[in-house]
Amino acid sequence: MSDRVFGVWCPDWPAVAAAAEMDLSPDRPVAVLRSGRVIACSAAARAVGVRREMRKRDAQARCPQLTVTDADEGRDARLFEPVAAAVAELIPMVEVLRPGLLVLPARGVARYFGGEEAAAEKLTDVVSACGIESQVGIADELFTAIIAARHGKVVPPGEGAEFLAPLRISQLAVEPSMCADDRPALVDLLWRMGLRTIGAFAELSSTDVATRFGADAIFAHRTARALPQRPPSGQAPPPDLVVEHRCDPPVDRVDAAAFIGRRLSAQLHDVLAAASVACTRLTVQATTESGREYSRTWRCAQPLTPDATADRIRWQLEGWLSGRSAADRPDGPVVMLRLDPVEVIGSGAMQLGLTGGGLAGGDGEVAERVRRALVRVQGLLGGERVQVPVRSGGRGPGQQITLVPLGDELVAQADPDAPWPGQLPGPSPSVLPMAPVTLLDAEDSPVQVTARGSFSADPASLTWGRRSWSLSWWAGPWATDERWWAAGPGDGGGGVDVHVGTYARAQVLLEDSRALLLHYQDGQWTVEGVYE
């Protein structure tokens, strides 16, 4: 049996922190938004129907008195530091999974306080003394303890799987600090497969899960069976991974300390890369002029990246240097910062996945790096020269994409969910060159589309640029009448430039086995797509 774990959960922490910063009363309805949607709300807001993922307009319609504010992870971490410090005074070895959620080992604590229930009550009292509501859970392993904290339960030893079994499958994705970014998609897939509870998923064999799903599904399956969380690749940190910086002059401002922290983050990851490891638990330490040391350990489900490390350093320093009272702040300027990776795994865990890349991918770090790179290119070329695709509505593959300048609202030109009679069925071409070509018959005469929607002659070859290919196969043509009611060619009304008239599409297979989608308009054939 693994060591028992305490989980301390402060419900609705982003909303609690926002209310505390604005000095609002506890009964004031508050919602925290990201990208126009609610990510956290207070109990008072939930009581009148406000829910997570709700749009701002809908939330305010449910509760006109609702106070809304944008998400601020720095604020959440800064205001959570006094809570973490109070718990650390009672029980050392506190680890922060995220602002609002702590975990700590139960070894020796239950014996000291006379039992696990007594220790849980003591932890609740300590957090309550900070003016914060909390719930405590105890279990054999980390994830089960976190879920137990959300239910305020003490799970008896060896009964973690029984505790998790009746819970809804969505509980596997309820805690983002303990799962990959694409966990909600996995949960949705399991639900559609008919697996409604965690226990139903746990009953699947490990072999079936490993052969049919990805790495995160294997991790989730271990979670559902209440098995230890850390994979076997966990290892003791090699020597000489600690990095530190002596501050000269001493630092007493958050911005200066955060700048040093970002430099330390880059230095730490250079050291980790040289040792072929990645960090999953990081201790941030600060020493003041008087020699007093402050430290806090952050635990992460995924290996830390340089940006994620810098964020946690900044959050922790803001928590120390921006305490709400003199008792919460260090007793003097910081003279040394130190980063200690207390748990590492093989660097293969940092390998980027084969899915989820790009601006809208599941990997947040990859998406952020892509966005920053595109912003730099946009600064060089101009705002309209860097565009991103948005799924749109239309009949052809080119019409089903709207290009929007980076930074503008991602609004499609046409509704992709509207009915589109004559829409090209899948699979769609992977390349859209939109290059003019000439389609020829056996006599090398151009092939046209007649008024009846058929070929003027059977296609035999295709000329693209300076090269020609014989055709091994062809299909079509498929004619479509688009906006025949419009005033005239190219005039869709309202100043919108749209194509009007009878068009046709056809598919051809070249002698080199390449398949092309051709588009016919005004007597001219164009390669609309290439199937690869």
Audit row: T287, V334, side chain to side chain contact (heavy atoms under 4.5 Å, CB included) steps and yes/no: CA-CA 6 Å; T287 304; V334 175; 6.0 Å; no
Using only heavy-atom distances, determine whether the side chains of S25 and D27 contain a donor-acceptor pair under 3.5 Å. yes
Nearest 0.5 Å, what's the CZ-CG distance between F259 and L264? 11.0 Å
Report, as yes or no, whether the 6.0 Å neighbourhood of atom CZ on R62 holds more than 12 heavy atoms from other residues, nucleotides or ligands. no
Give a yes or no on whether the backbone of G261 and the side-chain of S265 come within a donor-acceptor separation of less than 3.5 Å. no
Step-by-step side chain to side chain contact (heavy atoms under 4.5 Å, CB included) determination, E121 to V136: CA-CA 8 Å; E121 292 179 2; V136 177; over 6 Å; no
Taking the side chain as every heavy atom from C-beta outward, state whether Q267 and H245 have any pair of such atoms under 4.5 Å apart. no
Could you measure the distance from the CZ atom of R246 to the CD1 atom of I260? Nearest 0.5 Å is fine. 13.0 Å
Closest non-hydrogen atom pair between D140 and P156, with its separation: OD2-O, 4.5 Å
Flag, side chain of H221 to backbone of L204, donor-acceptor distance under 3.5 Å: yes
First locate atom CG of D208, then atom CD of E203, and finally report the distance between them rounded to the nearest 0.5 Å. 12.5 Å
Side-chain contact test, heavy atoms from C-beta onward, threshold under 4.5 Å: evaluate it for V30 versus L24 and give yes or no. yes
Give a yes or no answer on whether the side chain of D12 reaches the backbone of A15 with a donor-acceptor pair at less than 3.5 Å. no
Are the side chains of V38 and K56 in touch, meaning some heavy atoms are under 4.5 Å apart? no
Set out, in order, the CA-CA distance, both residues' side-chain angles and the distance that settles salt bridge (charged side-chain N to carboxylate O under 4.0 Å, His left out) for R314 and D311, then state yes or no. CA-CA 5 Å; R314 176 173 54 83; D311 285 341; 3.4 Å; yes
Would you call R338 and V242 a side-chain contact if the rule is heavy atoms closer than 4.5 Å? yes
What are the two closest heavy atoms between A224 and I198, and how far apart are they? CB-CG2, 3.4 Å
Drop me the distance from L101's CG to W9's CH2, to the nearest 0.5 angstrom. 9.5 Å
Salt bridge check: are E81 and R296 linked by an N-O gap of less than 4.0 Å? yes
Less than 4.5 Å apart, side chain to side chain, heavy atoms only: is that true for L189 and F213? yes
Does some side-chain heavy atom of H151 sit less than 4.5 Å from a side-chain heavy atom of F163? yes
Please assess R28 against S42 for the test side-chain hydrogen bond (donor to acceptor under 3.5 Å, both in side chains), listing each intermediate value before the final yes or no. CA-CA 8 Å; R28 177 78 178 183; S42 63; over 6 Å; no
Any side-chain heavy atom of E289 sitting closer than 4.5 Å to one from M336? no
Ignoring hydrogens and angles, tell me if any N or O in the side chain of R196 forms a donor-acceptor pair with the backbone of R168 under 3.5 Å. no
Shortest non-hydrogen contact from L241 to P341? CB-CG, 3.7 Å
Step by step, work out the side chain to side chain contact (heavy atoms under 4.5 Å, CB included) result for R225 and S206. CA-CA 10 Å; R225 300 172 64 189; S206 301; 2.7 Å; yes
Taking atom types as modelled, find out whether S295 and T283 have a side-chain donor-acceptor pair closer than 3.5 angstrom. no
Closer than 3.5 angstrom, by distance alone: can the side chain of R37 be matched with the main-chain N or O of L33 as a donor-acceptor pair? no
Within-4.5 Å side-chain heavy-atom neighbours: T197 and F201: no
Would you name the heavy atoms of R183 and A173 that are closest together and state the gap between them? CG-CB, 3.5 Å
Does R78 qualify as a cation-pi partner of W315, given the criterion of NZ or CZ under 6.0 Å from the six-membered ring centre and within 45 degrees of its axis? no
Backbone of L337 reached by a side-chain donor or acceptor of E244 within 3.5 Å: no
Please check this pair: side chain of R281 against backbone of V342, looking for a donor-acceptor N/O pair closer than 3.5 Å. no
Under 3.5 Å, is there a donor-acceptor pair between the side chain of W13 and the main chain of D76? yes
Interatomic distance, CG@L142 vs CD@E95, rounded to 0.5 Å, equals 8.0 Å
Are there over 12 heavy-atom neighbours, none belonging to E162, within less than 6.0 Å of that residue's CD? yes
Are S205 and T207 close enough that a side-chain donor and a side-chain acceptor fall under 3.5 Å? no
Distance in Å, R150 CZ paired with Q171 CD, rounded so as to fall on 0.5 Å steps: 7.5 Å
Checking side chain to side chain contact (heavy atoms under 4.5 Å, CB included) for the pair V5/I138: CA distance, chi angles, key distance, verdict? CA-CA 6 Å; V5 180; I138 310 173; over 6 Å; no
For the pair S134 (side chain) and C10 (backbone), establish whether a donor and an acceptor sit closer than 3.5 Å, ignoring hydrogens and angles. no
Restricting to non-hydrogen atoms, name the atom on A217 and the atom on L186 that form the minimum distance, rounded to 0.1 Å. CA-CD2, 3.6 Å
Minimum heavy-atom separation for V96 and A84, please, with both atom names. CG2-CB, 4.5 Å
Is a donor on one side and an acceptor on the other found under 3.5 Å between the side chain of R51 and the backbone of R46? yes
